[in-house]
Each structure stands twice: as C-alpha cells, then as structure tokens.
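One structure is given below, encoded as structure tokens.
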Amino acid sequence: MKSGSQREAKSWAMFAISGGRLRPAEVTEKLGLKPDFDQGSDVKDAENASLPGHWQLNSKLSPDHNLADHIWEILKILGPVRRELKEFTENYESVIYASVEFVDEFTKGIKIDRRTMLLLGELGVDLEIIPWKNGENHGG
C-alpha cells in the first residue's frame with residue numbers, strides 16, 4: 001500500500017456537555033455561545049424516564065476535512081471561553097464525539113497530534129471516535 005495512493009477518511013465531530021442536572025440555558029449564558037442543539041433534563045423518553053440535559057456544538061466543516069481539522073474547528077470556538085468551560089467539564093460529561101469513515105486499505109489512518117490531545121485533556125474533554133463503514137466498500 002503506497003501512502004501516495006491513500007485518501008483521507010471522511011469525518012465529522014461535535015462537542016457535547018451532558019448530565020442529569022445540566023441546565024443548557026446556563027451553559028449558553030455562561031459561555032456566551034449559542035449551541036447547535038440543546039435539551040433540558042425535563043425531557044422524557046418513550047418510557048417516560050428523564051433524559052440527561054445536553055448542550056452541543058457541531059463542526060461546520062464538510063466531511064471531506066480530516067478529523068484533526070474538525071477538532072480544531074471546535075477548539076477555536078471553545079478556546080476563548082476555556083475558563084468558563086472548566087466549570088462544566090469538571091461537573092458534567094464533556095466529550096468530542098468524532099465520526100470517522102473506514103472503507104479499505106486505501107483510507108488513511110487517524111492521527112491526533114499531542115498538542116490537540118494536551119488541549120483536550122487540559123479542558124477536561126474526552127475524545128470518542130465512532131467508526132462507520134461506507135456502503136461503497138469494494139473489499140468484500
């Protein structure tokens with residue numbers, strides 16, 4: 001397999017804060033950022049059980065960008081409010097969820113550089129990578 005013949009995996013990422021007593025309006029107010037999606041903890045599921053509060057920012061980049069670009073897109077938004085963000089990351093689950101396509105041996109692997117990992121750790125943010133297989137797989 002020649003590295004010159006490999007292509008970038010399609011990817012996407014979003015940042016989420018969630019927890020049983022999370023009040024999304026408070027996150028929005030304290031961070032001064034408008035979420036792409038939020039849900040209060042007063043929302044119920046089909047069995048009438050309470051769902052955790054949820055506050056979310058999505059990467060606005062296309063799936064053709066590599067995963068590191070998506071993560072940096074989110075970090076650029078969160079960076080200026082990192083002190084305010086720590087209040088939430090210390091008390092609630094805080095994760096960057098990354099969706100990454102794995103097709104075949106011609107798809108490049110995923111590399112997250114140490115600077116990015118250090119920043120995520122410093123912010124108290126986990127990284128969860130969720131692979132998906134493109135339906136156009138020709139490998140069998």
Side-chain angles (χ1 to χ4, degrees):
M1 155 175 49
K2 297 177 185 173
S3 63
S5 64
Q6 289 185 310
R7 67 170 186 81
E8 292 288 339
K10 291 186 179 195
S11 61
W12 183 76
M14 64 100 150
F15 169 72
I17 302 171
S18 58
R21 293 194 170 112
L22 180 72
R23 293 186 359 245
E26 181 183 0
V27 178
T28 299
E29 180 183 328
K30 289 194 175 179
L31 298 184
L33 298 173
K34 184 177 181 339
D36 293 303
F37 174 79
D38 66 5
Q39 167 182 287
S41 55
D42 56 340
V43 174
K44 309 279 187 195
D45 68 10
E47 285 83 42
N48 205 32
S50 293
L51 295 172
H54 184 88
W55 190 92
Q56 175 178 319
L57 285 178
N58 300 334
S59 169
K60 307 296 190 275
L61 299 176
S62 79
D64 294 321
H65 283 82
N66 67 43
L67 180 57
D69 290 344
H70 286 283
I71 293 171
W72 272 104
E73 174 80 3
I74 292 168
L75 289 174
K76 286 189 284 186
I77 295 167
L78 297 176
V81 295
R82 63 188 170 278
R83 287 182 183 84
E84 296 83 356
L85 180 65
K86 287 287 270 191
E87 175 185 337
F88 298 103
T89 61
E90 290 173 353
N91 295 300
Y92 299 99
E93 182 179 23
S94 303
V95 181
I96 288 184
Y97 293 98
S99 177
V100 180
E101 168 197 39
F102 289 96
V103 179
D104 54 32
E105 69 272 13
F106 299 108
T107 305
K108 288 183 183 179
I110 303 301
K111 180 179 179 183
I112 307 298
D113 65 80
R114 64 187 127 204
R115 179 175 170 223
T116 303
M117 291 188 296
L118 183 63
L119 285 169
L120 290 172
E122 196 58 37
L123 288 172
V125 175
D126 292 330
L127 174 63
E128 183 171 329
I129 299 174
I130 304 160
W132 57 276
K133 194 168 189 171
N134 188 322
E136 299 175 10
N137 183 18
H138 301 289

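Partners of D126 by salt bridge (charged side-chain N to carboxylate O under 4.0 Å, His left out), not counting sequence neighbours: none found.
Taking hydrophobic clusters as Ile, Leu, Val, Met, Phe, Trp and Tyr residues chained together by side-chain heavy-atom distances below 4.5 Å, W12 does not share a cluster with V125. Taking hydrophobic clusters as Ile, Leu, Val, Met, Phe, Trp and Tyr residues chained together by side-chain heavy-atom distances below 4.5 Å, V95 does not share a cluster with L119. The cluster map of Ile, Leu, Val, Met, Phe, Trp and Tyr, joined by side-chain heavy atoms under 4.5 Å apart, puts M14 and Y92 in different clusters. Taken together through direct or relayed side-chain contacts under 4.5 Å among Ile, Leu, Val, Met, Phe, Trp and Tyr, L67 and M117 form part of one hydrophobic cluster.
The backbone N or O of S62 lies less than 3.5 Å from a partner atom in the side chain of H70, making a donor-acceptor pair. Panel note: side chain K86, backbone E122; a donor-acceptor pair is recorded below 3.5 Å. The backbone N or O of N58 sits less than 3.5 Å from a side-chain atom of D36, completing a donor-acceptor pair.
A pairwise comparison of heavy atoms in D69 and L61 identifies O-CD1, 3.5 Å as the closest pair. Closest approach of I96 and I71 over heavy atoms only: CD1-CG2, 4.1 Å. Taking both residues in full, the closest heavy atoms of F37 and H54 are given as CD2-CD2, 3.5 Å, listed atom of the first, atom of the second, then distance. Between T89 and G124 the shortest heavy-atom distance is CB-O, 3.7 Å. The two residues I17 and S94 have their closest heavy-atom pair at CG1-OG, 4.0 Å. The two residues Y97 and A16 come nearest to each other via the heavy atoms CE1-CB, 4.0 Å.
Contact annotation: the side chain of E29 never approaches that of E84 to less than 4.5 Å [non-hydrogen atoms, C-beta and beyond]. Using a 4.5 Å cut-off on side-chain heavy atoms (C-beta onward), S11 and V100 make contact. Using a 4.5 Å heavy-atom threshold, the side chains of L31 and L85 count as touching. Annotation: side chain of E26 is in contact with side chain of F88 (closest heavy-atom distance under 4.5 Å). Under the 4.5 Å side-chain criterion, counting only non-hydrogen atoms from C-beta, D38 is not in contact with V27. Here the side chains of R82 and L123 are in contact, with some heavy-atom distance below 4.5 Å. Contact of the E73 side chain with the S59 side chain is registered, since non-hydrogen atoms from C-beta on lie closer than 4.5 Å.
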key: side chain to side chain contact (heavy atoms under 4.5 Å, CB included) assessment of I110 paired with I112   = CA-CA 7 Å; I110 303 301; I112 307 298; 4.1 Å; yes
query = Given the rule in the side chain to side chain contact (heavy atoms under 4.5 Å, CB included) test, do F15 and L78 qualify, once you have shown the distances and angles that lead to the verdict?
reply = CA-CA 10 Å; F15 169 72; L78 297 176; 3.9 Å; yes
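Distance NZ/K10 to CG/D64: 5.0 Å, rounded to 0.5 Å.
Between K30 and E87 there is a salt bridge, since at least one side-chain N of the basic residue sits less than 4.0 Å from a carboxylate O of the acidic one.
Remark: the W72 side chain and the T116 side chain contain an N/O donor-acceptor pair separated by less than 3.5 Å. Side-chain atoms of T28 and W55 form a donor-acceptor pair, as typed in the model, at a separation below 3.5 Å.
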